[in-house]
Student: 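Sending over a structure as structure tokens; questions will come in a sec.
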Amino acid sequence: MLKTLAAQIKEFKRDSILTPVFMILEVIMETIIPLLMASIIDNGVEAGNIGHIYRMGAIMVVMAALSLLWGVLGGRFGARASAGFARNLRQAMYDNIQTFSFSNIDKFSTAGLVTRLTTDVTNLQNAYQMILRMFTRAPASLIFAMCMAFSINARLASVYLVAVIFLGVCLFFIMSRTTKYFNQVFRKYDDLNASVQENVSAIRVVKAYVREDYEKSRFTKASENVYNMFVKAEKILTLNNPLMQLTVYSCILGISWLGAKMIVSDTLTTGQLMSLLTYCMNILSSLMMLSMIFVMVTMSMASAERITEVLNEKADLVNPEHPDFEIPDGSIQFKNVTFSYRKDSETPVLSHIDLDIKAGETVGIIGGTGSAKSSLVNLISRLYDVSEGSVCVGGKDVRSYDLETLRNQVSVVLQKNVLFSGTILDNLRWGDKDATEEECIRACRLACADEFIERFPDQYNTYIEQGGSNVSGGQKQRLCIARALLKKPKILILDDSTSAVDTATDSKIRKAFAEEIPNTTKLIIAQRISSVEHADHIIVMEDGKVNGYGTHEELLKTNHIYRDVYESQTYNKQANAEEGTENG
């Protein structure tokens, strides 16, 4: 874990080295000042030597100024190092997330990834700055002050040794008890973020169903869980301050009492006692700093483990050693394909699939909810890898292709359409970043999106809100189809991507595809028979298996599932038409 995190220091190594150097220089200055004070009292005040007082005073001012300078420089370099470390961590995590396959992403919730990129990185940034500054300063101050105290009077300095051992045991007890709570609290943060994210993204549904009170109670529960975990941890951490105060005042009383007796017996000078009391405060304040560092480090350990999980996660899908960069055509073959989302799953999602689709064909895929229609097409663009068998595109196993090449030639319009904030042209150019405006207009014409775009005042420069919230579901689907067409793919997969458009528009889109992109293999997943009945072949899926394969007419004769769906939809259409006639 430490090696993984340390790799992200990168260009901030110099700042990370200079910070502790300046902190040690600051401590050295602070350690010398009590000796100068002792000299002023013993050799200046008591001896009546004004010149000595002036000389020592001037040196103390210089030492204090240098201490301030080193402290400022240490703080400056520490801030740069910790902020840069946090920046690199976020960038490294984000870059690695972009390489994840769908199966990798399935391991982490969206809210969990957001928490790791925000709260967890901030915790680690604060901890790193504290380690560079305080974790260097506190032990150095403790060691230097202890050495100076023992050099003045070993008997009195032994009081500090007892205090350090006592506090060390107490801190170990406190930290061991709080660690488990901090490990749990960030998982509760994930739940809290998930509640917020889900509510904000689905706010229209929440309001439509008047579920504000329910969502408030969900958020309150998640927030309460975070609160309770922090309270449990803080209850134990509150012991830290009273124990520290008890130790500090006990040391002061012990040294004052023993020191006064030594002064009376002439075995200790007043100046030395003053120095010892100053070193007492240095030692105990160092212990206080160390306790704060341990609290921060304990909190950040949970964050560090969660961040390391993301950084060390390796993409399940990688390029072969010598990938193919050219796809000959859009033909597709499934050869005895079995697929499961989880390796330990007992029942496969797809079982023994054999299909042969020629380049340029239009193939419809129909089946009930959960029949694995989307799972089937996800294997073609290698969003997942098969568990057994092989999927071939252009006569070659998809695992032999360069991933970017494959996904550029297998264009998928997923079931859940996503648009990004920006203009319509910005969104379309996700398909081809170099596409001209004329190419974008042609793609929109094929997807029947031009008819509503041209009604907007700004037409193709119309701004799309985040998630496409200012366009309808059907408009969003047509924009996503146009975006996919701009890739000029050899295979186009529409995963129930025309469900929100009317049947007339659906028919226009299919007609445009047949005329304008005849050489592109088209796979259309649909719930409506009318969307696939004119396809060259239709696949009927049931429980992860191919239940039927053929033309519309063949399946009506041979496949009862297809026939039942067709009759059901035809009956409903006729019933609606008759109802409309009666109402008319």
Student: Could you tell me whether a side-chain N or O of Arg116 sits under 3.5 Å from a main-chain N or O of Arg306, the two making a donor and an acceptor?
Tutor: yes
Student: As an exercise, state the distance from CZ of Phe85 to CD1 of Ile131, rounded to the nearest 0.5 Å.
Tutor: 8.5 Å
Student: Between Arg483 (side chain) and Trp430 (backbone), is there a donor-acceptor pair under 3.5 Å?
Tutor: no
Student: Hey, is the main chain of Val398 close enough, under 3.5 Å, to the side chain of Arg382 for a donor-acceptor pair?
Tutor: no
Student: Is it true that a side-chain atom of Asn408 and a backbone atom of Glu404 form a donor plus acceptor pair closer than 3.5 Å?
Tutor: yes
Student: Less than 4.5 Å apart, any side-chain heavy atom of Leu124 and any of Leu89?
Tutor: yes
Student: Check whether the side chains of Asp426 and Thr423 place a donor and an acceptor atom closer than 3.5 Å, and report yes or no.
Tutor: yes
Student: Where do Ala304 and Leu5 come nearest, in terms of heavy atoms and distance?
Tutor: CB-CD1, 3.8 Å
Student: Within the side chain of Gln459, is there an N or O that forms a donor-acceptor pair under 3.5 Å with the backbone of Phe456?
Tutor: no
Student: Has Thr19 got a side-chain atom pairing as donor or acceptor with Gly78's backbone, closer than 3.5 angstrom?
Tutor: yes
Student: Could you check whether any side-chain N or O of Ser67 sits under 3.5 Å from a backbone N or O of Met63, counting only pairs where one atom can act as donor and the other as acceptor?
Tutor: no
Student: Is the closest basic N to carboxylate O distance between Glu11 and Arg87 below 4.0 Å?
Tutor: yes
Student: So for atom NZ, which belongs to Lys13, do other residues, nucleotides or ligands contribute more than 12 heavy atoms lying within a distance under 6.0 Å?
Tutor: no
Student: So, the side chain of Asn123 versus the backbone of Asp120: is there a donor-acceptor pair under 3.5 Å, distance only?
Tutor: no
Student: Please verify the inter-ring angle class for Phe22 with Phe77; under 30° counts as parallel, over 60° as perpendicular, anything in between as tilted.
Tutor: parallel
Student: Has Arg80 got a side-chain atom pairing as donor or acceptor with Ser16's backbone, closer than 3.5 angstrom?
Tutor: no
